[in-house]
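Convention: sequence-line order gives letters A, B, ...; per-chain numbering from 1. Values below: every heavy atom of this structure, side chains too, minus hydrogens, waters and symmetry copies.
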Protein chains: 2
Amino acid sequence: MPLDHALLVALAERPASGLELAHRFSRSIGYFWSATHQQIYRTLARMDDDGWLVSHTVEQQGKPAKRVYEVADEGHRVLATWLAEPADPHPLRSDLAVKMRGASFGDRAQVLDVVRTALAEHHARLAHYRYLMSRDYPDPSTLSGLERDQHLVLRGGILMEDAWVAWLTEYLEAHA
Amino acid sequence: MPLDHALLVALAERPASGLELAHRFSRSIGYFWSATHQQIYRTLARMDDDGWLVSHTVEQQGKPAKRVYEVADEGHRVLATWLAEPADPHPLRSDLAVKMRGASFGDRAQVLDVVRTALAEHHARLAHYRYLMSRDYPDPSTLSGLERDQHLVLRGGILMEDAWVAWLTEYLEAHA
DNA sequence: CGACCCTATGCAACGAGTTGCATGCCGATG
DNA sequence: CATCGGCATGCAACTCGTTGCATAGGGTCG
């Protein structure tokens, strides 16, 4: 599984410590890729062992020292190779879809509540993405390279959330 | 992870053997939820042990006997309870999104090829979903209960694939 | 009839992801 | 000053998912 590669991309964008990565993954990146700090620490240690990364400790004032990782030459090679490989798209894997499909085997009113809660969540995410979009990329036509790609991935998040909102809204209307 | 519950829904719709479920999961259901036969066999055995299912062997002509599972009372209780619980939506977990974001750290032309391949795949899925839609639900307004839910989930698949196609198309156009 | 594929089930081993907990230091709050 | 929360890292145990392989019967094609 390419948590390795997601971390390589994140570290290629900017070197960071384990906890900083955990924060990034629960913010901007994390809307597209989740990971706990455990997983991140373990994976960083392994990639360091394998020579994909180099690390050094950084002393801080008023905080414990942190271990900052950056991508080594070997890591850049691994990343470039992986980027050129075909990506197999895996399906939704969504609890909610299973619940919607199975609603007639339980209390339908309760399932509709679950769907309403999920819809509110997706609305909130969509609003947050739009906020990030206007804050970070007010003028998309001027972007290039890394920033353009980041912008386009955020754009994908918006399209996905739009689709979720449309879907759940349709579901609720059909059961109104 | 709710492979358990996905199987309960599938078996509540219609009792089946392990292999039949594996086939269903690689066809209609599998577009929204993938599972290998291994996983299915193991999970069925555990659910049977736990009393969620009852099973009996069915002799066949010209084929080995199969073990058909159906949902027991306990399984129906578990399913109804689970259906009423809130569902936490987890994010994309998409290799492709990571590759698009990291494209500037590799050979961009190759990444664009990867994206083109994925786009073709999503186009194909979309066409297949539309085919299933017109074949199985030619007149959606007349549906009710289970069939209506199945229809709405397929509809969700179409909306998701639409979003993917739009996203990848935008990405390719931005890098044209 | 031998090779091969399909049905049908399953074991074993591994890798990935989750959960709970532990450590140690610092700063702030009461 | 004692406690609590945040920073920073990590161990251990568990579950979930994947991969490779095994078995055993039957059908088909050259």
Side-chain angles (χ1 to χ4, degrees), chain A residues 1-8 11 15-27 29-30 32-50 53 55-69 82 87-95 98, chain B residues 1-8 11 15-27 29-30 32-50 53 55-69 82 87-95 98:
Chain A
M1 284 301 172
L3 176 58
D4 316 33
H5 302 99
L7 287 171
L8 282 178
L11 290 174
S17 71
L19 201 61
E20 285 162 0
L21 285 168
H23 285 145
R24 276 204 241 165
F25 270 73
S26 66
R27 290 168 198 272
I29 302 179
F32 312 99
W33 199 280
S34 72
T36 62
H37 67 146
Q38 286 310 329
Q39 222 180 316
I40 290 172
Y41 279 122
R42 241 189 317 171
T43 307
L44 286 175
R46 201 196 42 202
M47 292 196 291
D48 200 354
D49 281 352
D50 293 349
L53 306 177
S55 64
H56 56 278
T57 57
V58 173
E59 300 296 330
Q60 300 179 105
Q61 290 178 347
K63 294 184 199 175
K66 63 184 176 181
R67 170 167 293 256
V68 171
Y69 295 87
W82 176 76
D88 42 20
H90 52 183
L92 287 183
R93 268 318 169 101
S94 159
D95 289 28
V98 177
Chain B
M1 283 302 171
L3 176 58
D4 318 32
H5 303 99
L7 287 171
L8 282 178
L11 289 174
S17 71
L19 201 62
E20 285 162 0
L21 284 168
H23 285 146
R24 274 204 242 166
F25 270 74
S26 66
R27 290 168 198 273
I29 301 178
F32 312 99
W33 198 279
S34 71
T36 62
H37 66 148
Q38 286 310 329
Q39 221 180 316
I40 289 172
Y41 279 122
R42 241 191 316 171
T43 308
L44 286 175
R46 197 187 28 142
M47 291 197 292
D48 200 355
D49 280 352
D50 293 350
L53 307 176
S55 64
H56 57 276
T57 58
V58 173
E59 300 296 330
Q60 300 180 105
Q61 291 177 347
K63 294 185 199 173
K66 62 183 177 182
R67 172 167 291 257
V68 171
Y69 295 86
W82 176 75
D88 42 18
H90 52 182
L92 287 184
R93 265 324 168 101
S94 160
D95 288 28
V98 177

Nearest-0.5 Å distance that lies between atom OG in A/Ser17 and atom NE2 in A/His23: 9.0 Å
Length of the line joining A/Ile40:CD1 and D/dT9:P, which is rounded to integer Å: 11 Å
Whole angstrom value for the distance that separates P of C/dT18 from CZ of A/Arg93: 12 Å
Spacing of B/Gln39 atom CD relative to D/dG20 atom C1', expressed in whole Å: 16 Å
Nearest-Å distance for atom pair CD/C1', residues B/Glu59 and D/dG26: 14 Å
Atom pair distance, as rounded to whole Å: CZ in B/Arg42 and P in D/dG17: 9 Å
Nearest heavy atoms of B/Phe25 and B/Trp33, plus distance in Å: CD2-O, 3.3 Å
Below 3.5 Å, can you tabulate the donor-acceptor pairs from side chains in residues 38-48 of chain B to any protein atom, sequence neighbours excluded?
from	atom 1	to	atom 2	distance (Å)
B/Thr43	OG1	B/Gln39	O	2.6
B/Arg46	NH2	B/Asp4	OD2	3.1
B/Asp48	OD2	B/Ser55	OG	3.0

Closest non-hydrogen atom pair, B/Ala16 against B/Leu21: CB-CG, 4.0 Å
Between C/dG17 (P) and A/Leu44 (CG): distance, integer Å: 13 Å
Heavy-atom closest contact (A/Val68 atom, A/Pro15 atom, distance): CG1-CB, 4.1 Å
Rounded distance (Å) that lies between atom C1' of C/dT18 and atom CZ of A/Phe25: 17 Å
Closest non-hydrogen atom pair between B/Ala87 and A/Asp95, with its separation: CB-CB, 4.2 Å
Which atom of A/Ala65 lies closest to which atom of A/Glu59, heavy atoms considered: CB-OE1, 3.7 Å
Nucleotide-level pairing of DNA chain D, given in dot-bracket where Watson-Crick and G-U pairs need both distances under 3.5 Å and | marks other strands: ||||||||||||||||||||||||||||||
Check: D/dT15 base within 3.5 Å donor-acceptor of B/Arg46 side chain: no
Distance in Å, B/Arg93 CZ paired with A/Arg93 CZ, rounded so as to fall on 0.5 Å steps: 11.5 Å
By side-chain hydrogen bond (donor to acceptor under 3.5 Å, both in side chains) - contacts of A/Arg24 (at least two apart): none
Contact letters for nucleotides 4-10 of chain C, in which S counts primed atoms plus P, OP1 and OP2 and B counts the base, heavy atoms under 4.0 Å: ---BBBB
